[in-house]
Amino acid sequence: MTRELWKGNEAIAEAAVRAGLEAYFGYPITPQTEILEYLSKRMPELGRTFVQAESELGAINMVYGAACAGVRVMSTSSSPGVSLMMEGLSYIAGTEVPAVLVNVMRGGPGLGNIAPSQGDYNQAVHGGGHGDYQPIVLAPASVQEAIDLTVLSFDLAEQYRTICMVILDGCVGQMMEPARMPEMRPVQRANWVWATDGRMGKRERRILTSIYLDPVEEEKTNLRLLSRWKAIRQNEVRYKEYFLDDAEFVIVGFGTAGRVALSAVRTAREQGIRVGLLRPVTVSPFPVEVIDQLAERVSGFLVTEMNSGQMLEDVRLAVKGRAPIEFYGRMGGVVPLPDEILQEIQRVAAGPLSIGADPRADWFERMTAQN
Amino acid sequence: MTRELWKGNEAIAEAAVRAGLEAYFGYPITPQTEILEYLSKRMPELGRTFVQAESELGAINMVYGAACAGVRVMSTSSSPGVSLMMEGLSYIAGTEVPAVLVNVMRGGPGLGNIAPSQGDYNQAVHGGGHGDYQPIVLAPASVQEAIDLTVLSFDLAEQYRTICMVILDGCVGQMMEPARMPEMRPVQRANWVWATDGRMGKRERRILTSIYLDPVEEEKTNLRLLSRWKAIRQNEVRYKEYFLDDAEFVIVGFGTAGRVALSAVRTAREQGIRVGLLRPVTVSPFPVEVIDQLAERVSGFLVTEMNSGQMLEDVRLAVKGRAPIEFYGRMGGVVPLPDEILQEIQRVAAGPLSIGADPRADWFERMTAQN
Amino acid sequence: MPAKGWIEVSDTYCKGCELCISACPQDVMELDITRLTPKGYHPAHIFKDGCTGCAICGLVCPDAAITVYREITKAVASAEA
Amino acid sequence: MPAKGWIEVSDTYCKGCELCISACPQDVMELDITRLTPKGYHPAHIFKDGCTGCAICGLVCPDAAITVYREITKAVASAEA
Amino acid sequence: MQKETIIAGFGGQGVLFGGQVLAYAAMDAGKEVTWIPSYGPEMRGGTANCTVIIADDEIGSPLVKNPPLAIALNLPSFDKYEELLAPGGTLIVNQSMVDREARRDDIRVIFVPCNEIAEEIGNKRLLNMVAVGALLTVLPEITIKDVEHALEGHLPERHKHLLPMNYEALRRGFEAAQKVPA
Amino acid sequence: MQKETIIAGFGGQGVLFGGQVLAYAAMDAGKEVTWIPSYGPEMRGGTANCTVIIADDEIGSPLVKNPPLAIALNLPSFDKYEELLAPGGTLIVNQSMVDREARRDDIRVIFVPCNEIAEEIGNKRLLNMVAVGALLTVLPEITIKDVEHALEGHLPERHKHLLPMNYEALRRGFEAAQKVPA
Amino acid sequence: MVTSTINNLVFQRPTGFTETPTHYCPGCTHGVAHRLVAEVLEEMNVIDRTIGVAPVGCAVFAYNYFDTDFVEAPHGRAPAMATGIKRVLPDRIVFTYQGDGDLASIGMGEIVHAAARGENLTVIFINNANYGMTGGQMAPTTLPGMKTTSSPNGRDVETQGFPIRMAEMLATLDGVGYVVRRSLHDPKNIRLAKKAIRLAFETQARGLGFSMVELLSTCPTNWGMTPVESLKFVEEHMVPAFPLGDYKVGAGVGQIKL
Amino acid sequence: MVTSTINNLVFQRPTGFTETPTHYCPGCTHGVAHRLVAEVLEEMNVIDRTIGVAPVGCAVFAYNYFDTDFVEAPHGRAPAMATGIKRVLPDRIVFTYQGDGDLASIGMGEIVHAAARGENLTVIFINNANYGMTGGQMAPTTLPGMKTTSSPNGRDVETQGFPIRMAEMLATLDGVGYVVRRSLHDPKNIRLAKKAIRLAFETQARGLGFSMVELLSTCPTNWGMTPVESLKFVEEHMVPAFPLGDYKVGAGVGQIKL
Ligand SMILES: Cc1ncc(C[n+]2csc(CCOP(=O)(O)OP(=O)(O)O)c2C)c(N)n1
Ligand SMILES: Cc1ncc(C[n+]2csc(CCOP(=O)(O)OP(=O)(O)O)c2C)c(N)n1
Ligand code: SF4
Ligand code: SF4
Ligand code: SF4
Ligand code: SF4
Ligand code: SF4
Ligand code: SF4
Ligand SMILES: [Mg+2]
Ligand SMILES: [Mg+2]
């Protein structure tokens with residue numbers, strides 16, 4: 001396929017269509033609305049299902065229903081709308097049906113603004129819904145990655161009967177880049193052994209539910225979810241690395257924060273600073289092993305996010321106090337620029353760094369001092 | 001005040017009334033409903049506001065409104081209902097108004113069951129709503145503590161203009177214990193400088209909102225929230241310790257899991273095992289310092305929860321790889337019994353323990369082996 | 001001469017709620033206090049003649065515990081007609 | 001003889017939407033294409049006599065940009081009455 | 001001192017209130033106490049049970065696997081708790097509802113015809129008090145007086161007239177249990 | 001090679017499309033490219049801008065603080081980007097909309113009367129293409145031919161008849177810029 | 001003259017049911033509603049292609065009783081879930097079974113919009129004037145003055161609002177093909193209820209839009225009455241507050257001959 | 001005879017407004033609705049004790065324009081927030097200002113229940129047949145066949161449902177004191193709209209229950225019309241689909257003399 005110039009949001013919509021999306025349910029919200037608008041035209045053209053739901057609550061439960069019917073289904077939204085889906089997501093997880101949800105994150109909390117943000121990392125990765133469950137969470141940093149990960153999200157969701165979220169910020173959603181679309185996959189319904197699509201003379205009735213009155217049964221269900229999660233952790237970790245081989249310092253950042261860091265890393269390299277970049281592509285499962293190994297040899301980590309340090313905790317869990325960790329974040333829709341990250345790299349490279357330090361607290365002091 | 005036998009749920013309701021609760025908005029859900037039912041009688045008696053909302057969504061936004069008006073307000077619910085409040089909570093956080101929410105957690109995910117659980121720890125502590133914000137989260141383990149922490153929650157919420165959550169499991173909610181109620185505090189409206197209660201000829205108009213279109217302004221708001229959070233971390237950490245002085249091993253558990261562990265610890269002590277118990281009372285802010293100090297001298301931690309290991313991560317963050325950590329959890333509404341914890345203590349005491357281990361993965365293996 | 005009918009009440013389903021009893025136009029039903037179902041209820045039963053097989057008991061039964069039969073008599077031509 | 005009136009249009013508020021113009025029963029309004037408001041709009045104004053001060057322009061203005069005055073003439077007793 | 005008791009039976013047998021009376025008595029006697037019901041889904045009928053723990057110091061787990069003391073008011077409860085009881089423990093069994101002997105010999109089983117006694121007193125709903133009375137023979141920390149005060153203090157007004165009958169139920173249960181050879 | 005350009009002006013001046021044409025041209029020329037608009041709240045009117053980055057390798061940040069190249073189609077944009085431009089950079093300014101001289105001397109400022117030229121060509125909405133043409137004088141990586149192909153390939157059908165005018169606008173802008181002494 | 005006698009089976013448990021006994025309290029008319037639905041599905045011969053959506057409420061376990069595929073929706077969201085299913089499986093029969101707390105309180109948004117969109121769904125709406133499953137709290141349908149565990153002094157319309165008449169409200173929407181209210185308090189009304197349920201499913205089968213049958217039902221346990229008393233209560237107090245009748249019968253539906 | 005001439009101020013910007021110019025597009029009748037509310041609050045002399053609740057929608061910044069206390073609600077939840085405020089401050093005047101996406105789509109549950117509870121609130125409901133703020137997507141009120149960014153081929157009632165008439169629907173609820181529909185497309189209707197808004201606030205002031213005025217309004221930007229054309233569109237297409245009129249005027253309200 002030749003390269004075409006795609007806008008992130010529309011690329012995600014078309015990629016989902018190519019991946020065999022059979023039904024879309026969504027509700028308008030900036031900066032995600034282009035996905036819904038694109039599909040409002042595209043899906044009916046193809047004779048597929050498009051419904052603008054009455055709300056995100058309605059949308060996620062329509063997704064839940066269609067997922068139970070065994071078709072490829074997706075919803076997309078942005079931060080406040082995704083918060084309204086937490087009950088539904090917990091039900092979907094508890095019912096063990098596959099579903100894809102895209103969150104084009106915006107500045108928060110509350111109504112906040114529509115600028116690019118990564119403030120929903122914890123909600124997505126550590127489960128904003130009630131109860132124990134872990135979704136797969138993919139974090140594209142470019143339009144091409146947005147396309148590839150959207151397609152992947154459907155396969156993973158079905159393979160593991162789980163929720164697969166794609167989280168990106170407004171930058172990736174609004175940006176245009178050359179990208180290649182995959183071939184159109186035919187819509188075929190896998191004959192899932194679990195789908196409640198009507199007996200149709202073929203089989204015994206099926207039930208899909210998330211209620212297990214007997215705690216022992218519910219615990220078994222939780223263990224079933226955990227065993228899938230174990231497989232996911234073993235098989236599905238994905239990340240991109242830049243200049244890590246000889247890196248003395250490692251920046252860890254996902255999505256836009258990651259690619260902004262790449263620019264800074266290049267300049268720093270020109271200035272002779274041996275810094276590398278690790279950009280998690282799956283933030284859940286989190287690339288623990290590679291960080292674990294890096295922690296053995298590098299002299300410091302710099303975590304950069306467009307939030308107050310959410311992924312930071314996962315990095316700290318992986319590093320286990322073996323190397324100093326520093327943090328730089330911008331919040332509320334502010335996108336860090338390469339110059340800022342470069343300064344941070346220089347600061348970190350200059351040292352001294354302390355393992356005992358609380359990176360978040362130190363960062364807060366710097367932020368409030370400078371303001 | 002003399003001791004009276006109180007049921008946890010009703011004790012929370014009465015304690016809130018004594019603390020000057022002016023308005024309650026809620027929706028029925030087991031195992032929390034007694035709180036709503038108790039207040040449906042008590043509040044009107046006192047000429048205060050009780051509204052059974054159309055849903056948890058309605059309830060949390062009524063709370064939001066009343067909080068903006070500057071009165072002491074509370075809602076209570078259980079896991080699925082709390083998930084529906086995530087958007088509202090994020091708005092309340094972003095608007096910087098005080099509100100109290102009680103979550104009597106039940107087995108999940110999804111509809112799950114109504115048995116006691118601690119599966120919503122992450123949702124409460126690490127923010128189930130979108131954007132960056134940290135609520136205060138209190139975790140009572142007894143009826144008396146439920147009373148005291150309910151009263152405290154209002155004071156903290158107002159002092160820091162924040163959300164204060166009280167999370168407990170069905171055990172504490174359904175249990176009867178002797179407890180002392182505080183004196184009835186008179187309902188008085190503090191003259192908050194921020195409350196939108198009408199100009200009433202006294203002042204300029206006020207606006208309460210969570211929208212900051214300019215990312216720089218939104219970032220300032222985030223920093224304001226973080227500075228409060230800093231103060232909260234410095235001033236409000238609370239925990240209870242048992243047999244820690246000479247402890248070689250430390251169990252960390254909150255709520256019912258913590259008090260079940262206490263029984264096991266006592267038996268283990270009788271068997272000569274030098275084990276102690278740390279029971280966080282504020283799970284947010286988390287008692288990092290005391291664990292930090294313990295990590296310097298003890299030879300192992302055992303974290304026990306009624307979930308798949310959520311608080312475990314916060315313990316690991318505090319321990320920073322300086323001591324081995326083991327985990328024992330029951331899920332889906334199963335309440336661990338002292339005997340189980342005792343066995344775990346014996347296992348841990350027998351060793352060997354490895355710092356490198358992944359406590360959650362190891363626990364999962366044991367759970368699935370035995371099942 | 002009214003149709004003759006009779007019913008069977010399933011012990012598996014009957015919960016002794018008495019709705020059938022109060023609905024029966026012929027008042028021929030009652031709870032059988034001499035028996036307990038596995039679930040511990042006194043099941044309904046017919047305690048005297050007069051059931052017409054009208055099936056009203058079945059219609060009102062919330063637990064689909066009742067089966068109703070009716071005896072229908074009709075003339076047939078004799079063999080050597 | 002019709003009442004005489006006039007209006008003031010605020011440059012701060014007027015967005016040149018023309019609703020007042022199309023609503024004015026006397027057709028005495030138009031956009032002043034010779035001027036730009038700070039926001040970059042051509043503001044409305046009266047370009048000829050005939051305003052009756054009926055205030056319809058004000059009523060339809062979405063930006064509360066218009067103030068309307070009307071001249072009222074009434075008889076008074078002469079000084080030495 | 002810490003003693004755990006489980007009281008179990010059909011929903012209608014006053015299991016939960018029996019436990020609460022015990023809890024009130026313990027509290028009034030200055031002890032620490034926890035009472036916790038088995039709360040299931042909104043299922044009507046079925047069996048109910050509650051755990052009462054009485055102690056001198058702060059109580060840890062409100063639940064136990066193998067209690068030293070238990071009251072079984074019906075057969076299913078007898079079957080269940082005869083198995084679960086801690087060795088050396090005592091099980092009060094409502095003889096009126098069970099038709100079998102004890103199986104374990106490492107525990108003490110006291111059969112008391114609670115229904116009959118209650119009916120003799122004139123109110124079969126008192127069977128739970130008969131059982132509680134019997135329990136007191138092996139729970140010296142709580143006296144009949146304590147329980148009587150508890151009843152006096154906590155029986156709903158509309159039932160106050162039943163106090164004397166309740167007292168008698170306690171006594172008759174106590175005596176019946178004492179008669180049983182240890 | 002990596003070059004960042006910011007194009008800024010009023011909403012109606014075709015800022016975003018100007019950037020997109022550049023992006024299409026770069027893509028067709030086999031380069032890596034990113035185009036990102038400043039997307040604000042749903043506020044009507046106001047100024048708009050977009051950042052176009054053209055490079056040989058994977059592009060990191062889609063945003064820059066101090067671009068080496070910029071187009072300012074109105075005064076506010078001139079004020080803003082004259083300040084932000086990287087030293088040694090070049091700023092294309094739509095002379096038709098600004099009434100002042102350049103202030104910095106460590107950057108090159110090229111004034112082009114985009115509106116007038118566009119009106120001469122016969123369609124004042126082409127002012128953005130005039131500016132893009134001018135930009136190409138300092139962006140040798142992209143030729144006028146590249147941009148013409150881009151327009152041919154990506155101009156909406158209903159506007160295809162305007163292609164010749166667009167080509168002319170590019171050329172006129174290019175020439176006008178060349179005339180300006182370096 | 002010779003006569004012969006044949007024994008006719010005139011009434012039996014519908015084959016649309018599984019063999020599981022229900023968990024409902026004795027005399028609760030949830031059971032009657034279940035049976036009527038099962039009979040209709042059986043008579044229409046669609047058991048095989050029906051998918052039910054259970055609510056959160058006493059009917060949460062409805063999926064145990066019908067011999068059809070079933071899903072269990074979050075509280076109030078059954079119409080949204082049913083929309084998701086029906087849109088991707090338009091040739092299936094999809095119905096929700098919801099209580100008054102589920103449908104008229106927390107699920108108001110979903111039911112109104114499913115109706116407004118004219119989703120080809122059938123909704124069986126059990127109005128028992130309270131929240132049965134959670135122990136008898138006030139519902140939007142609780143009668144003025146009625147005592148519940150969350151209106152201990154009787155529903156005070158001043159502070160707790162007025163009952164919502166869902167059938168009347170939904171009848172204002174153009175997407176609705178068939179919406180009626182029936183009652184389960186006596187044989188005659190049970191027969192009428194069944195006819196309505198049949199018509200509702202026929203409406204769906206013919207693609208004539210959204211269909212709902214509101215059924216006045218009992219909750220002996222939380223009303224604190226015997227099952228027989230409960231039927232009287234429905235007749236004497238609920239029917240006057242929730243008039244039985246056809247609130248909207250779309251043109252196409254009017255033509256249906258059974 | 002001597003005559004004297006006085007210059008009378010006959011119309012001016014209401015003092016209920018702040019001095020901030022609105023962010024609305026030129027000719028958008030949101031501004032007219034704002035002005036009418038400000039005029040009424042001013043005439044009733046309640047600016048000082050009024051608390052407004054802004055929606056999420058183009059009116060999200062309403063709080064910048066009224067000289068009263070204001071809060072900003074989550075999308076659709078304004079009636080719940082207003083309930084929370086009014087219940088604890090019963091002597092204040094509390095109103096919500098909501099768009100049709102906010103009130104009739106995502107906020108359906110909250111508005112219906114606030115009305116059913118008879119909350120003493122006033123709701124100003126702006127029906128502009130689309131989601132203005134997010135760029136003109138389909139709203140529940142979008143007319144059949146109307147093109148929007150999420151109904152690019154025109155609203156297809158078969159798959160996208162039918163417009164919801166909120167005033168008619170809410171009129172079925174007993175808690176409602178006053179619910180009417182008016183339009184802002186010409187001077188006469190603007191005057192009628194103002195009278196209705198006044199009556200709605202008087203209903204609240206007298207504790208006569210829930211009051212709502214639905215206002216047919218324009219969205220020139222997303223409709224792709226000039227402001228003047230937009231008014232014509234309202235008159236010719238919206239008024240027929242959303243008939244103007246009084247849908248419920250409670251007994252008490254009928255008596256109010258202004
Ligand atoms: C989000 C959420 N809120 C509340 C509950 C608790 N809950 C379970 S059933 C129910 C109400 C059931 O009442 P109704 O819908 O009338 O059904 P019924 O039991 O009366 O048939 C409630 C509030 C829940 N499970 N989920
Ligand atoms: C939970 C949530 N969902 C979606 C949005 C995005 N959003 C903002 S305004 C709006 C619709 C506004 O339309 P309407 O209520 O009709 O008001 P209008 O702009 O037309 O006046 C939407 C969907 C949001 N902010 N929050
Ligand atoms: S109606 Fe059914 S359940 Fe009730 S008593 Fe009769 S047979 Fe039994
Ligand atoms: S069939 Fe008719 S007559 Fe016979 S028992 Fe049933 S109700 Fe009574
Ligand atoms: S007052 Fe009347 S006549 Fe004068 S300009 Fe305005 S509308 Fe026209
Ligand atoms: S209506 Fe108002 S805003 Fe529009 S043109 Fe006239 S004065 Fe200006
Ligand atoms: S609680 Fe009420 S509604 Fe639920 S099963 Fe029992 S009687 Fe029926
Ligand atoms: S978008 Fe539409 S509704 Fe919003 S301000 Fe502009 S014209 Fe008015
Ligand atoms: Mg109900
Ligand atoms: Mg609108």
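Looking at B:K7 and E:Q20, their side chains never come closer than 4.5 Å, going by heavy atoms from C-beta outward. Within the 4.5 Å cutoff, side-chain heavy atoms of E:L63 are placed close to those of B:L337.
Within the model, atoms CD of B:Q174 and OG of E:S38 stand 10.5 Å from one another, a figure rounded to the nearest 0.5 Å. We find the CE-CD distance between E:M27 and B:E4 to be 5.0 Å, quoted to the nearest 0.5 Å. Of the inter-residue distances, the one linking B:K240 atom NZ with E:E58 atom CD reads 4.5 Å to the nearest 0.5 angstrom.
No part of B:E340 comes within reach of chain E, as not one of its non-hydrogen atoms sits under 4.5 angstrom from that chain. Contact annotation for E:I53: neither backbone nor side-chain heavy atoms come within less than 4.5 Å of a heavy atom of chain B. Only the side chain of B:D339 comes within contact range of chain E, judged by heavy atoms closer than 4.5 Å.
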Assess the residue pair E:V33 and B:L5 against the criterion (side chain to side chain contact (heavy atoms under 4.5 Å, CB included)); give the C-alpha distance rounded to whole Å, side-chain angles, the decisive distance to 0.1 Å, and a yes or no. CA-CA 9 Å; E:V33 61; B:L5 203 61; 4.2 Å; yes
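Closest approach of E:P62 to B:R259, counting heavy atoms only: CD-NE, 4.1 Å.
Counting heavy atoms of neighbouring residues, nucleotides and ligands inside a 6.0 Å radius, atom CZ of E:R108 exceeds 12 of them.
Ranking B:L277, B:V260, B:V143 against chain E, the residue ahead of the rest is B:V260, based on heavy-atom pairs under 4.5 Å.
Looking at E:S61, its side chain never comes within 3.5 Å of a backbone N or O of B:S263 through a donor-acceptor pair.
Of residues 64-86 of chain E, those residues with a non-hydrogen atom less than 4.5 Å from any non-hydrogen atom of chain B are, in numerical order, E:V64, E:K65, E:N66.
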